[in-house]
Amino acid sequence: MRMKIQTVLVSVDSSSALRGARQFKKHIEENVKKYQLSDMVEVLETGSLGVYKDGVIVAVYPEEVFYEINSTDDAEQLVTEHFLKGRIVKDLMIDKSVIKHEKKETGKLDREERIVLKNVGVIDPGAIEEYIARDGYMALAKVLKEMKPENVIDVVKKSNIRGRGGAGFPTGMKWEFTAKADNPEKYVICNADEGEPGTFKDRLIMEGDPHSVVEAMTIAAYAVGANKGYIYIRGEYYGSIDNIRKAIKDAYEIGLLGEDIMGSGFSFDLSVRLGAGAYICGEETALIESIEGRPGRPRLKPPYPPVEGLYGKPTVVNNVETFSNIPWIINNGPEAFKALGTEGSSGTKVFTLVGNIINRGLVEVPMGTSIFDLIYKYGGGIPNGKKLKIVQTGGTAGTFMNTKKLEIGLDYDSAKEGASLGSGVILCMDEDSCAVDCAKTVMEFFAHESCGKCTPCREGTRVSVKLLDKISKGQGREEEVEQLLMIADVMEQTSFCGLGQSAAIPLRTIVQSFRDEFSDHVQKKPCNACTFVEPKKKKRSKR
Ligand SMILES: Cc1cc2nc3c(=O)[nH]c(=O)nc-3n(C[C@H](O)[C@H](O)[C@H](O)COP(=O)(O)O)c2cc1C
Ligand code: SF4
């Protein structure tokens, strides 16, 4: 049999699936068959290729050409032109530098080696053998055969990796607390709730490389002495749920989960639990309540989960991206990880670029990369020749800024300079956006998601929406703008959990960064995108 010499990788993450990826894949396969190219061309599924366009992105190897497919005609043209006639289809081709983040002049990679996304958009996430072929489960084998649990924790501590879920707590320290907790029953939980609007990095990691999470959780369980783990996935993440469930099933089948893994005597059981889309369930103690079968409401801390977590037992809770780094750290050593990023924030970070930005999608770059580079170098700038006006970094609970601070490098310390890292969202809004409307939308989200347990958050979010609504309609007063800042302070200082405390950040920073625009609204001076201008009264038509 002849070896297949060309491969088409069709990006079939859930966003591409909605754009018709599976239908286009089928059409490419049918045409490959129709033109008798089946011996030469194979068509495979993969995770996200990073960038989102209107159509579905496919990659052709070994030529490394990327196409955007918008219709079944495009799919047929790809086969007849590229594979049958050997011609690049210029009309469908997208600039390689957009996907690979290459400098156009030199062709050299601009970003460091991918760690978390190294398999995403490269392997078929449903094929465990493809993960294994790219060193998958090698770190687990090394840990089980060559390392004691305390050595594993030592490596993780030395790497200086900090949690990618928002709070940035040192992962090695968290594992050490759990390992040292005096209780024979322990748990490992992966927080895959990802309720932050605009963040979809964890989804694409789970859809594109589910085994990296399974492998890392097993390593964590060995390190802390846990025999049971849960991946708590947001209920609407159908693609992630399917791919993680399949990865778990396949890992069980070949002895990488369950009893006596790789003959090491260590056993670990892993299963999926589903969230129901409440943002608060991403908070680790609310998540634990939810797994235990109760409404997702946060617990008083301390005690923290490493001491008293699931069912009152010591529990490691880590974010999907945090876990995904672990096999690489074990395989490459803590020094290699520390060589990336900044002194206080080692490694890379997966950023989600959203809003008015040309290359929407994911990019993995070293910690400390500037907001400017993320928006203009990787994100390609602002579409339609518009000017950038508002940026929010870190997610909905992150900081707002105008365009004066774009040189800040994002890491765990950049919040002090006015730009939080959070979950790694870069939200761009162009000159047609209104800062007051934007603040109102964000606070409506928090008011909706507040669990209602404590007064500062329940009332603070509700009252700020009311005030912002008045201001946005040109009915507010200057002292009400000041009141918003006061509410932010009270929420931050007195809310029971991180939801209310962090809701203060976007509220305060948008008012401070766009103070003049808030005053303009009070004085009924419309901005570019204003909604408060009274609609002109229609003239009565003469009869
Ligand atoms: C309201 C709220 C929502 C949160 N949502 C998430 C989430 O979706 N995913 C996540 O990993 N962490 C989330 N966190 C942070 C978790 O409580 C916890 O710090 C994190 O899962 C720990 O993992 P890490 O150390 O790997 O970052 C949230 C926190 C708060 C206060
Ligand atoms: S701050 Fe209070 S009301 Fe808000 S989500 Fe947390 S516990 Fe619930």
Side-chain angles (χ1 to χ4, degrees), residues 116 156 161-175 177-178 188-203 205-206 213 216-217 220 230-237 240 275 277-290 295-301 304-306 309 315-326 345 347 349-350 352 394-398 412 421-425 443 445-462 490-506:
V116 175
V156 176
I161 181 170
R162 292 167 65 177
R164 291 346 191 201
F169 192 81
T171 306
M173 215 187 272
K174 188 181 277 188
W175 291 18
F177 289 149
T178 313
V188 172
I189 295 175
C190 175
N191 188 343
D193 196 49
E194 199 164 64
E196 192 99 33
T199 314
F200 45 83
K201 66 178 179 77
D202 293 344
R203 170 162 68 77
I205 296 167
M206 289 185 285
V213 184
M217 289 185 72
Y230 296 97
I231 308 186
Y232 186 91
I233 311 180
R234 180 176 169 159
E236 304 96 314
Y237 274 14
S240 303
Y279 177 54
I280 190 60
C281 284
E283 195 281 334
E284 55 189 3
T285 60
L287 183 154
I288 286 170
E289 288 281 304
S290 170
R297 286 197 161 185
R299 293 177 181 171
L300 187 67
K301 290 194 276 190
Y304 292 94
T315 305
V316 162
V317 183
N318 273 134
N319 170 259
V320 172
E321 185 186 347
T322 314
F323 275 127
S324 275
N325 277 287
I326 299 295
S345 312
K349 178 78 192 82
V350 180
T352 316
T396 307
Y412 293 109
L421 178 68
S423 59
V425 176
M443 293 317 290
F445 167 76
F446 284 112
H448 182 259
E449 294 297 334
S450 167
C451 81
K453 176 170 170 155
C454 69
T455 312
C457 168
R458 186 187 61 238
E459 296 305 316
T461 52
R462 199 181 58 84
V490 174
M491 281 199 302
E492 187 168 46
Q493 287 160 26
T494 60
S495 291
F496 182 82
C497 86
L499 190 147
Q501 290 157 12
S502 59
I505 297 168

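Every number for a ligand or one of its atoms is a count from 1 in the order of the listing. Keep in mind the model is a prediction, meaning the values are calculated, not measured.
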Just verifying a value: how many Å separate [X] [atom1] and [Y] [atom2], rounded to the nearest 0.5 Å?
X	Y	atom1	atom2	answer
Thr285	Arg297	OG1	CZ	12.5 Å
Glu283	Ser290	CD	OG	12.0 Å
Arg164	Asp202	CZ	CG	12.0 Å
Tyr279	Glu194	OH	CD	11.0 Å

For [Y], does its backbone N or O pair with a side-chain atom of [X] as donor and acceptor, under 3.5 Å?
X	Y	answer
Lys201	Gly424	no
Tyr412	Arg162	yes
Glu196	Thr396	yes
Lys174	Val316	no
Ser450	Phe446	no
Glu492	Ala504	no

Could you list the atoms of ligand 1 found under 4.0 angstrom from a heavy atom of [X]?
X	value
Lys174	22 (C), 23 (O), 24 (P), 25 (O)
Gly195	8 (O)
Thr322	24 (P), 26 (O)
Asn318	23 (O), 24 (P), 25 (O), 26 (O)
Gly163	24 (P), 25 (O), 26 (O), 27 (O)
Leu499	1 (C), 31 (C)
Gly498	31 (C)
Arg164	26 (O), 27 (O)

For [atom], the protein heavy atom that lies nearest, with its residue and separation:
atom	answer
atom 27 (O) of ligand 1	Gly165 N, 2.7 Å
atom 19 (O) of ligand 1	Glu284 OE1, 4.0 Å
atom 29 (C) of ligand 1	Glu283 CA, 3.7 Å
atom 23 (O) of ligand 1	Asn319 N, 3.3 Å

From Asn191, Val320, Ile280, Asp202 - option closest to atom 21 (O) of ligand 1 by heavy atom: Asn191
Option nearest atom 14 (N) of ligand 1 (shortest heavy-atom distance, choices Pro170, Ser495, Ala192, Gly282): Gly282
For ligand 1, the portion of Phe323 having any non-hydrogen atom under 4.0 Å away: neither
Which segment of Glu194 sits under 4.0 Å of ligand 1 when only heavy atoms are counted: backbone
Donor + acceptor pair across side chains of Asn191, Asn318 (<3.5 Å): no
Residue pair Ser423 / Thr199, side-chain donor-acceptor N/O under 3.5 Å: yes
Within the protein, residues bringing a heavy atom under 4.0 Å of ligand 2, chain by chain: Ile280, Pro298, Ser450, Cys451, Gly452, Lys453, Cys454, Cys457, Ser495, Phe496, Cys497, Leu499, Gly500
Check: Phe177 ring centre within less than 6.0 Å of Tyr304 ring centre: no
Asp193, any N or O under 3.5 Å of ligand 1 N or O: no
Residue list, side chain to side chain contact (heavy atoms under 4.5 Å, CB included) with Ser240, at least two apart or on another chain: Arg203, Met206, Glu207, Ile233, Tyr237
